[in-house]
A.B. asks: 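One structure is given below, represented as structure tokens, and several questions about it will come after.
Here the structure is a predicted model, which means the values were calculated and not measured. Computed from heavy atoms alone, side chains included, the values below leave out hydrogens, waters and symmetry copies. Residue numbers start from 1 in every chain, and the chains themselves are labelled A, B, ... in the order their sequence lines are given, proteins ahead of strands.
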Amino acid sequence: MEYHFKEIEKKWQAIWKDKKTFKADDASTKPKYYVLDMFPYPSGAGLHVGHPLGYIASDIIARYKRHKGFNVLHPMGYDSFGLPAEQYAIQTGQHPAITTEQNINRYREQLDKIGFSFDWDREVRTSNPEYYKWTQWIFIQIFNSWYNKTSDKTEKIELLISEFEKNGNAKVNAVCDDNVKLFSADEWKAFSEKEKSDVLMAYRTAYLGEAYVNWCPALGTVLANDEVKDGVSERGGHPVERKLMKQWSMRITAYAQRLLNGLDTLDWTESLKETQRNWIGKSEGTSLKFSIAGPEAERHEQYIEVFTTRPDTIFGVSFVTLAPEHELVAKLTTPEQKAIVEDYVTKAKNRSERERQADVNKITGVPTGSFVKHPFTGKQIPIWVGDYVLAGYGTGAVMAVPAHDERDFKFAKHFGLQLPQVIEPNREHDFEKDAWGDKEGTLINSEFLNGLDVKAAIKKAIEEIEKQNLGKGKTNFRLRDAVFGRQRYWGEPIPIYYKNDIPYALSENELPLVLPEVDKYLPTEDGEPPLARANNWKYKNEFAYEHSTMPGWAGSSWYFLRYMDANNKSVFADKKLLGYWNNVDLYIGGSEHATGHLLYVRFWTKALKDLGFIDIEEPAQKLINQGMITGTSEKIIFEGKIEKIDGVEIESFSSGNNIIFKNGKLFSFSNECPEDTFYSLDVIEHLAIPINTREKNVNISFVKNSILDVEKLSETAEFKNSAFIFKAGASYKGKFYKNDIFPNEPLEFKTRPDVEKMSKSKFNVVSPDDICDKFGADTLRLYEMFLGPLEQSKPWNTNGITGVSGFLKKLWRLAMQTIEAQSAAPPSEKAGDEASKAELKILHATIKKITEDIDRFSFNTSVSNFMICVNELTDLKCNKRSVLEPLLILISPYAPHITEELWNLLGHKDSIIFEKFPVFNPEYLIESNFTYPVSFNGKMRFNIELPVTMTPAEIEKIVLAHESSQKYLEGKAPKKVIVVPKKIVNIVV
RNA sequence: GCUUGGGUGGUGGAAUUGGUAGACACGCAGGACUUAAAAUCCUGUGCUUUCACGAGCGUACGGGUUCAAGUCCCGUCCCGAGUACCA
């Protein structure tokens, strides 16, 4: 009987689906195990071979845990709100819901082919109103809450209101906006509805506030910090600007310390934790007030507050710098400086984030003309404006200590400011060239700090600052509040409406607030988000709804909870089920979510816990980042500045022109003008001078071994008017024009391969379907695991796939031998099935290795161990059911279809899926004899065979008595003998 | 710059707590079967040297600890990832 993987895989996939084999039991007495994959965004490119990598690993664990007797929750869904579907809608007018639905169907089809054991009854889609109803509901809970620093948790807003009614806000210790003014209970009661709303807004955990945000004009929306990479948007790569806007935000900063502390309890990789720690960016220091000098300031009693981690260097301050956006800039600028400062500030504000980053080393700034007083010496210190100071961090103002801070040093050098030294370094240092920024050395020129080392000086300085009421010890975080509104269509509507300019949340029974239909998916003419286009979309037909939608991370910040009770209509998930499934035991996904999703999901989990809805503080105990599988894209080069080909000069070369070599050879395209002209890589490589190249990706289906099928490519719409230059000639519109410069060159057009992330735009997506069709799902599963360690990134190639494919064929043959030999006997009868000692040894060694491999998530070595086992059993011509059956159970998490089929062929009526995972018997692993390598001084070696049960003392005795030892020792006694049981004997002479 | 993970044959990669480095697979070479191809099976395969037995060298580089180092320590170089005027 042949191994027909196609039929087998189709058959079992249908049976599993039909019988709902993988349905997770909500009322089981078994221990639970929750394995979760990061759900995919259903893109138009379909699933590529990189997606299943993590899914296969999690599926192996899920199936393994089922064998081990766990009640496994292993769900899947789709993160189906997002930009690509909306961009597509803008271009085509196609409703994003339709595109999304199509993409999901395609994803599902592809996933089904691989034989995953997902419980599809729990599928979630974030764009489904049934789902986002609860996303909106959670938003409202967070909206109706505030962060109480005293209890260190989020509490209901009603508690805050009743406190205001009793005592005003004097005693309230909350995370809130900086500009909240004190008020008494009576004042509170006298506030208008609007005033009350504004005050509460300053406290709410989800709030509407004015802040500098990342504005992306091309996408027409604001973006969170983690959605901006290198000054451009993560999606699409459009430039991003800083803009002051009124925005919905979430006070994630309130959780900074808890997000930091929680990391210590998690079983995540150190690098991922470190990434989060850096992102949160805790730094401890002190705030410090510099009062403003001069008559004007005295009238207003004004001061500049700075944040510093180096209060010890206070006597080294030679100027103070404000961020251009700092609110005091305008007030402090003297009339003489007004024009120049205003000019500078305007320019700085208009620079995009990208420009600003590109000019990091360009030092710019202007003096305001006014001064502050040094808090201790009273000396006048000039105030400058400089864009190296960020408005968003600390107080937006710094005390500059040029001798001991690199950036201040550069600034001071550039503008010829003083550089007073206050620390004597403990190493040689040139203060002319560099700042001494190390936290080492002894304080000098610093009055009461003199003679102290840096650490002691910091402590003493803070004490003194606090004593004189100039500031206080403070912890600063780099983490910013998360911007929550997006001026886009394809997202969850924020369930807020405005009455008399006051925002109100919808009540629970008014949810979901369904995304309205619009005529176009673009902003309105006056710049309102697309939702403003919706006709008659008003709360109670009267009050305007909020027009921005939620960001992509909203739906994914709680989906792991919804899976626990995915179809519940009355709550987001039943309390009992939340308690039973608790948290995710194993979470697998890409590390690109380290500072986005993985921070937000932890934030929402903590918020929901504080509000009493769930009992867990962290969403996922163990997390594995699967590496990215990159694809090989093929590029062709055009409009290179080609001047010579092997010494032959080209007169004219650019697109649209014919190509004329100086020696008269001509590629004449019948006087037609190609749109683009592409050059084979060997043409480029033969040039005498370096070239500037522009490249275009071509679909890898047109390329084989980096040789382009020009004929086929020329048939596509995009390239039908392009010319292709070979070494041997040129091709244009299906016609080939030969030149005789390289008459012996083959007619091959060479492309440039490049390893890149798989994406539709790069035409380098390899679909798992192709592999399934050619080799089968089991081979795909094994091969992806065999490629290398799960966490590691690796380029996709199918070079080694015949190895695993051959392994499955061997396994099939081995099983067929067994089935033939035992065909008559039903599973219960053991006649003629006595496995030999050698066979049992192989089996039990494999059981041991595989169990260890899975427990440390070393999937690649387990595949190797399967191969070794099957090879050895084949050599022994093993045909024993008692060996084959445990082996099949071992392999079944990895290759579920073939094992299920063989299990069935062996006469079992039940599925292999819940069979008990075999346990190794150490008895079979004890070998009667063991070969010890014996070495002298680690040099001369010989092997000696001894029983493995011997004690080290016995081994030592026998080894020393051996003739080889005697010969080497020449009668002398050895200095030392080391016996490592079952490993080595080492004799030091 | 800082943080972090790495550097092992022609290639992907193995190597629990220091204990025969290179498992397993690909590739390559040779052979068997076949009219032939595919498939399958067998043998060899780190490098240098030798007809061969063997010998020498080998885990980025330089030191060190140890009877024994890919593994531990110190220094250097290189690569990937994250982050970056964060005061």
A.B. asks: When both hydrogen-bonding distances must be under 3.5 Å and the geometry is Watson-Crick or G-U wobble, what is C72(B) paired with, if anything?
C.D. replies: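 Its partner is G64(B).
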
A.B. asks: What is the separation between atom CD on Glu274(A) and atom P on A84(B), rounded to the nearest whole Å?
C.D. replies: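 Value for this atom pair: 15 Å.
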
A.B. asks: Provide the full list of side-chain hydrogen bond (donor to acceptor under 3.5 Å, both in side chains) pairs with a residue in residues 804-816 of chain A, sequence neighbours left out, each pair given once.
C.D. replies: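 For residues 804-816 of chain A: Lys810(A)-Asn871(A).
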
A.B. asks: Looking at U16(B), C85(B), C24(B), which one has an atom nearest to any side-chain atom of Glu852(A)?
C.D. replies: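 So the side chain of Glu852(A) is nearest to U16(B).
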
A.B. asks: Closest approach of Phe307(A) and Glu284(A), non-hydrogen atoms and distance?
C.D. replies: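 Of all heavy-atom pairs spanning Phe307(A) and Glu284(A), the closest is CZ-C, 4.3 Å.
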
A.B. asks: How are the rings of Phe415(A) and Trp384(A) set relative to one another: parallel (under 30°), tilted (30 to 60°) or perpendicular (over 60°)?
C.D. replies: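 Correct class here is tilted.
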
A.B. asks: OP1 or OP2 of G6(B) sitting under 4.0 Å from any side-chain N/O of Gln792(A)?
C.D. replies: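 So the side chain of Gln792(A) is outside the cut-off, no N or O lying under 4.0 Å from OP1 or OP2 of G6(B).
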
A.B. asks: When the ring planes of Phe786(A) and Tyr783(A) are compared, do they come out parallel, tilted or perpendicular, using 30° and 60° as the limits?
C.D. replies: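 Judged by the thresholds at 30° and 60°, the geometry between Phe786(A) and Tyr783(A) is tilted.
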
A.B. asks: Provide the Watson-Crick or G-U wobble partner of G5(B), both distances under 3.5 Å; none if there is no partner.
C.D. replies: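 By the stated definition (distances under 3.5 Å), C79(B) pairs with G5(B).
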
A.B. asks: Looking at C85(B), A87(B), U40(B), which one has an atom nearest to any side-chain atom of Val398(A)?
C.D. replies: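 Closest of the options to the side chain of Val398(A): A87(B).
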
A.B. asks: With nearest nucleotide decided by heavy atoms, which residue, Gly806(A) or Ser793(A), maps closer to the 5′ end of RNA chain B?
C.D. replies: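 This one resolves to Ser793(A).
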
A.B. asks: Should Glu852(A) and Lys849(A) count as an ion pair when the cut-off is N to O under 4.0 Å?
C.D. replies: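 Salt bridge flag = no for Lys849(A) with Glu852(A).
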
A.B. asks: Does G18(B) have a Watson-Crick or wobble mate here (both distances under 3.5 Å), and if so which one?
C.D. replies: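 Paired with G18(B), as far as the under-3.5 Å criterion goes, is no nucleotide at all.
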
A.B. asks: Where do N or O atoms of nucleotides 25-27 of chain B meet protein N or O atoms at under 3.5 Å, pair by pair?
C.D. replies:
| from | atom 1 | to | atom 2 | distance (Å) |
| --- | --- | --- | --- | --- |
| A25(B) | OP1 | Asn871(A) | ND2 | 3.1 |
| C26(B) | O2' | Asn799(A) | O | 3.2 |

A.B. asks: Quick one: classify the glycosidic conformation of G9(B) as syn or anti, with syn meaning within 90° of 0.
C.D. replies: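 Because its glycosidic torsion lies within 90° of 0, G9(B) adopts the syn conformation.
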
A.B. asks: For Asn625(A) and G6(B), what is the distance between atoms CG and C1' respectively, to the nearest whole Å?
C.D. replies: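 Distance check: Asn625(A) CG to G6(B) C1' gives 16 Å.
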
A.B. asks: Quick one: label Ser271(A) by what it contacts on the DNA or RNA (base, sugar-phosphate, nothing), any heavy atom closer than 4.0 Å.
C.D. replies: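 Since only primed, P, OP1 and OP2 atoms lie under 4.0 Å of Ser271(A), the category is sugar-phosphate.
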
A.B. asks: Send over the distance from Lys809(A) NZ to C41(B) P, rounded to a whole Å.
C.D. replies: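 Those two atoms, NZ and P, are 9 Å apart.
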
A.B. asks: Counting heavy atoms from C-beta on, name the nucleotide in G19(B), A14(B), C85(B) closest to the side chain of Thr861(A).
C.D. replies: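 Closest nucleotide among those given: A14(B).
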
A.B. asks: Which nucleotide sits closest to the side chain of Asn986(A): G82(B), A68(B), A87(B)?
C.D. replies: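 That would be A68(B).
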
A.B. asks: For the pair made of CD in Glu270(A) and P in G82(B), what is the distance, rounded to whole Å?
C.D. replies: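 For the pair Glu270(A) CD and G82(B) P, the rounded distance is 18 Å.
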
A.B. asks: Taking any strand in view, what nucleotide pairs with A52(B) in a Watson-Crick or G-U wobble way, both distances under 3.5 Å?
C.D. replies: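 WC or wobble partner does not exist here.
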
A.B. asks: Could you state the atom-to-atom distance from CD1 of Ile984(A) to P of A15(B) in whole Å?
C.D. replies: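 My rounded result for the distance is 20 Å.
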
A.B. asks: Both distances below 3.5 Å, Watson-Crick or wobble geometry, any strand: find the nucleotide opposite A39(B).
C.D. replies: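 Check on A39(B): unpaired, no WC or wobble geometry under 3.5 Å.
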
A.B. asks: Students often get this wrong, so: under 4.0 angstrom with heavy atoms, is Glu406(A) touching a base, only sugar-phosphate, or nothing?
C.D. replies: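 Counting heavy atoms under 4.0 Å across all strands, no contact is made by Glu406(A).
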
A.B. asks: In this structure, how many angstroms lie between the P atom of A87(B) and the CD1 atom of Ile304(A), rounded?
C.D. replies: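 About 19 Å, once rounded to whole Å.
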
A.B. asks: Side-chain N or O of Tyr393(A) versus OP1/OP2 of A87(B): is the shortest distance under 4.0 Å?
C.D. replies: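 Affirmative; the distance criterion is met.
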
A.B. asks: Among the nucleotides A87(B), A14(B), U83(B), which one has an atom lying closest to any side-chain atom of Phe307(A)?
C.D. replies: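 My answer, after comparing the listed nucleotides, is A87(B).
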
A.B. asks: Which base, if any, makes a Watson-Crick or G-U wobble pair with C33(B), both distances under 3.5 Å?
C.D. replies: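 In the structure as shown, C33(B) has no Watson-Crick or wobble partner.
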
A.B. asks: Report the base-pairing partner of C85(B) (Watson-Crick or G-U wobble, both distances below 3.5 angstrom), or none.
C.D. replies: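 Partner of C85(B): none.
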
A.B. asks: State whether Arg813(A) places a side-chain N or O below 4.0 Å from either non-bridging phosphate oxygen (OP1 or OP2) of A39(B).
C.D. replies: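 Answer no for this pair, as no side-chain N or O of Arg813(A) is under 4.0 Å from OP1 or OP2.
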
A.B. asks: Assuming nearest nucleotide by heavy-atom distance, tell me which of Ser864(A) and Lys849(A) is located more 5' along RNA chain B.
C.D. replies: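 That would be Lys849(A).
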
A.B. asks: For G46(B), what is the paired nucleotide under Watson-Crick or G-U wobble rules, both distances under 3.5 Å?
C.D. replies: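 Answer to the pairing question: C57(B), which forms a Watson-Crick or G-U pair with G46(B).
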
A.B. asks: Tell me whether the side-chain N/O atoms of Arg478(A) come closer than 4.0 Å to OP1 or OP2 in A87(B).
C.D. replies: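 Result: no.
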
A.B. asks: Taking atom C1' of A23(B) as reference, at what distance in whole Å does atom CD of Glu872(A) sit?
C.D. replies: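 In whole Å, A23(B) C1' lies 11 Å from Glu872(A) CD.
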
A.B. asks: Given His844(A) and Ile847(A), is the side chain to side chain contact (heavy atoms under 4.5 Å, CB included) satisfied, shown in steps?
C.D. replies: CA-CA 5 Å; His844(A) 285 265; Ile847(A) 297 172; 4.2 Å; yes

A.B. asks: Within the 4.0 Å heavy-atom criterion, would you say Arg277(A) contacts the bases, only the backbone, or no part of the nucleic acid?
C.D. replies: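 Since no nucleic acid heavy atom lies under 4.0 Å of Arg277(A), the category is nothing.
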
A.B. asks: For Asn860(A), report the nucleic acid contact type (base, sugar-phosphate, nothing); a contact means any heavy atom under 4.0 Å.
C.D. replies: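 Here Asn860(A) touches the backbone only, sparing every base.
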
